[in-house]
Amino acid sequence: MGRYLTTMNALQFSDKIWCLPIIHGSGDFAIEVRRMMLSDHFDCLAVPLPPSFQYDVERAIAFLPSVSFVVQPEAPPVTAREWTGFEDESEPDDIFAPTRAASYVPIDPCQGVITGLRIAIEERMPRVFIDLETAEFETYFGVLPDPYALKHVSPEKFAAAVLPSIPRGQEGQPRDRVNFMAERLHELEKRHSKILFICSLLDWPWIREAYVEKTVCDTTDDEVESTSIYAVDPGTLLFGLGELPYITGLYEQARSELGEDENLSIDGVKAMLLAARDRYQKNLGKRARKISPKLLRVYLQYVRNLTLTERRLSPTLYTLIIAAKQIAGDQFAIALADAAREYPFDGRIPYPPIRLGIDRGQLADGTIFGLKNRLPGQALEWRSCKLKPEPPKPQQEDWVMQWNPHRQCSWPPEDVAIEKFRTHVKDAALNLLGTDLARSEKFSTSLKDGLDIRETLRNWHTGNLYVKVMPPARGTLDCVVMLFDSPADPRDYPWRVTWHAEHHDESTLALFATNYLQELVGPGIGQASYGGAVFLFPPRPIPDIWTNPRFDFTDTLEERLIASACYHAKERHVALLSHGPPGLAWRQLAKKFGKKLIHVPLGKFSQETIQQLRVFHVLNGQKIRTFAADFIRKV
C-alpha cells in the first residue's frame, strides 16, 4: 500500500474501497485526485454518474483540452389539457424546446471526476459509472470551504472538518441515489480488489452510511434519453467551468509541459493580472495608466482584504474586478474580465456548438433550454458590476455622422481638475523663482525656513548652527505652459484649438491634442489626450494662436505654444512644465519676447495623476453635459 493511502483510512469504506470526497469543479481537488491515483495502483475507478453517460463522456475526454458538454435531455412534463378538436401547431416537436431542461456533464480539465477518468483511460483502468438513471435530475449545491485549504491540510482532515455541516440528503431522488451507489459499490467489490470511488463532498458520509448499513434501494433506473456531445462556445466558457477559463488554461498548459501546478489557484491570478495589464496597455496605448509594480502591490493587498471579508482564502472573479475598477479604473477592470475569459485551447471539435448562460444553453438553431449540472460544486452567487466599455466601431461611426462641427465645449469636472493642477504648477514655479535668492545665516532666535544642514556641517568646527532664509517671491505668474509629450509628432496631435473661458474661474486655453472624433465614447462625446497646452489666467480674449501669422516663424508645436505664451503673458516669467529643462533655442525664443522660462520638472508630480489629467472629453454642445456622466469613464 502506498504512503499516500496509509493516511486515508478514515475514508475507507472497506478493505477494497477507498473514497475520495471532492468539491466538483475545483482545480485543487483535481490535483488531489491525480496525486492519489498516481500514488498507488487501483484496479477500478467508480464515479457518481449514470451508465448512460459513459460512452459519450469518455469519447469527449479524448478531445481535451477542448471543452465540451455531454447533455442528456429530460422528458417533457405531462400536462392535462382540454381537447378542443384542433391540433395545436404551436407545440414544438424538438426535444430541446424552450420549456425543456437537460442535465449535463462538463468535460472540464479542472473537474476532479473528469481528471480521474482521464487518468484511468490513459492507464487502461476499468471505469464504472454507478449513479442512478434519472429521467429528471434534481441538482443541489452546498456552501463549502475554500479548496485552497488543501495546500495545508490533507483531504482526510478537510472532509472531517466539513462533516458536521453536511446536511443529510432529502427524501426522494437524493436519498435514492445515495442508496443506489452504495449497492453498486457492494457489487463492485466482488469483482475488484482495490476500488477508488470519487464522489461529492456532500454525499460521501451518507453513501458510507448506506454502504455500512447495507441499505436496500427499491428504486430502479428510469428510461432516459440518449446523450449528445456539444462543443462549448469559447466566449461563454465562464458559465461552464469550475475555475476561470484563463486559470483552467494554465492547468492544461502545465500538464502538457510537465510544469508546476500546485499553486496555480493563486499564481494563476497573478499571471492573469499581467496578461490583463498587457491587454490594457495595448488597447489604450499612450492613454493607458502606468500599471507599476507598486500599483499592483496595492491592488493585491486590497484583493486580499476583500477576500478575507468574504471569508475566503482565494479571490473570486467579482472581487478581482471590483478591486481593479477601484484601483485602476473601468478600462483595466474590463481588460481583466476579458483576460479571465480567455482559454487558449479552443481547437475545433466535430460536434455542434452550444452557447452557455446562467443555467441556460443555446443551440446553433437558437433553441434555449435549462441546464442542470450532474457534478455540482460550490453554490454560486451571481453579482452585477457596472462597467463602461468602449462602444463598438459601427456605433462610433454613427455618432461621427451626427456630430455638429459648429458646437464644441468642455466637460466641467475635467475643467476643475486641470485648473487646480495649473494652480499647483504655478505655485511650484513661484517657489523655484525664490530659490535663487535663498541665503543662510547663523542661528540666533528663530529657525526661519529650516535648518541648513549643509552649511551647519561646513562650520561644524565652530559649533554654530545655520538656518535657511527664503525671501518671499517677487512678482507673480499669469501664464503656464504644459508639454506632456515632447518632442511631439504633429501626426499624433492633429487637433489644435484655442478655447476661451466660460467664466472668470477658467483660463484661456490653447492646446494641441489627439483627434477626439476617433475616440467617441458616447453620442456627442469625444475623447482626446493633451499633447501640450497654454493656460492664461486671469482669462482674456486672444486670437487663435494656430492661425495667427505672428507665430509662423516657429517650426514645432512646442515652439508655437511657447512663443504665444511669451507674447500674451503680462508678467516677466512664464512657467514651463516638461520632462526636461528648456534648451537654448527655447530660452532664446522667450528672450525674444522679453520673458524668462521657469522650468518645473514633470517628474515632480505623480505620473498617474498626469496620465488622468491628459485625457479629457470634448462635448458637442452644452446640452450634452446633461447626460455626459453616463458615458464618460475613468481611464
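Values below: every heavy atom of this structure, side chains too, minus hydrogens, waters and symmetry copies. Fair warning: this is a prediction, and the values are worked out from it, not measured in the lab.
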Return yes if some donor-acceptor pair links the side-chain N/O of [X] with the main-chain N/O of [Y] below 3.5 Å, else return no.
X	Y	answer
R560	I545	yes
T508	P541	no
Q607	F605	yes
Q402	P523	no
W399	L517	no
R312	S314	yes
N620	N404	yes
S446	K448	yes
Q331	Y280	no
N515	P494	no

Minimum side-chain heavy-atom gap [X]-[Y] below 4.5 Å:
X	Y	result
N548	S564	no
I562	E559	no
L336	L273	yes
V467	L465	no
P490	R496	yes
K290	Q611	no
C409	R625	yes

Charged N to carboxylate O under 4.0 angstrom, [X] versus [Y]?
X	Y	result
D478	K426	no
E310	R383	yes
K388	D330	no
D261	R255	no
K468	D452	no

If we ignore angles and hydrogens, is there a donor and acceptor under 3.5 Å between the side chains of [X] and [Y]?
X	Y	value
Y251	E243	no
N459	E455	yes
Y493	D485	yes
E558	W586	no

Checklist entry - NE2 of H579 to OG of S486: how many Å apart, nearest 0.5 Å? => result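 Rounded to the nearest 0.5 Å, the NE2-OG separation comes to 8.0 Å.
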
Next on the checklist: Cation-pi check for F537 against R422: NZ or CZ below 6.0 Å from the six-membered ring centre and within 45 degrees of the axis, yes or no?
Outcome noted: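 Judged by the rule (NZ or CZ under 6.0 Å from the ring centre, within 45° of its axis), R422 counts as positioned above F537.
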
Next on the checklist: Given V425, which partner from the list V480, L576, V481, L477 fulfils the side chain to side chain contact (heavy atoms under 4.5 Å, CB included) test?
Outcome noted: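 Single pass found, and it is V480.
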
Checklist entry - Which residue, D233, T248, V232, forms the side chain to side chain contact (heavy atoms under 4.5 Å, CB included) with V67? => result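 When side chain to side chain contact (heavy atoms under 4.5 Å, CB included) is applied between V67 and each of D233, T248, V232, only V232 qualifies.
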
Item to check | Ring-ring centroid check W411 F631, cutoff 6.0 Å | outcome: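 No: the rings miss the under 6.0 Å criterion.
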
Next on the checklist: Name the residue from F616, Y530, W403 that meets the ring-ring contact (aromatic ring centres under 6.0 Å, His included) definition with Y516.
Outcome noted: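 Output: one option passes, namely W403.
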
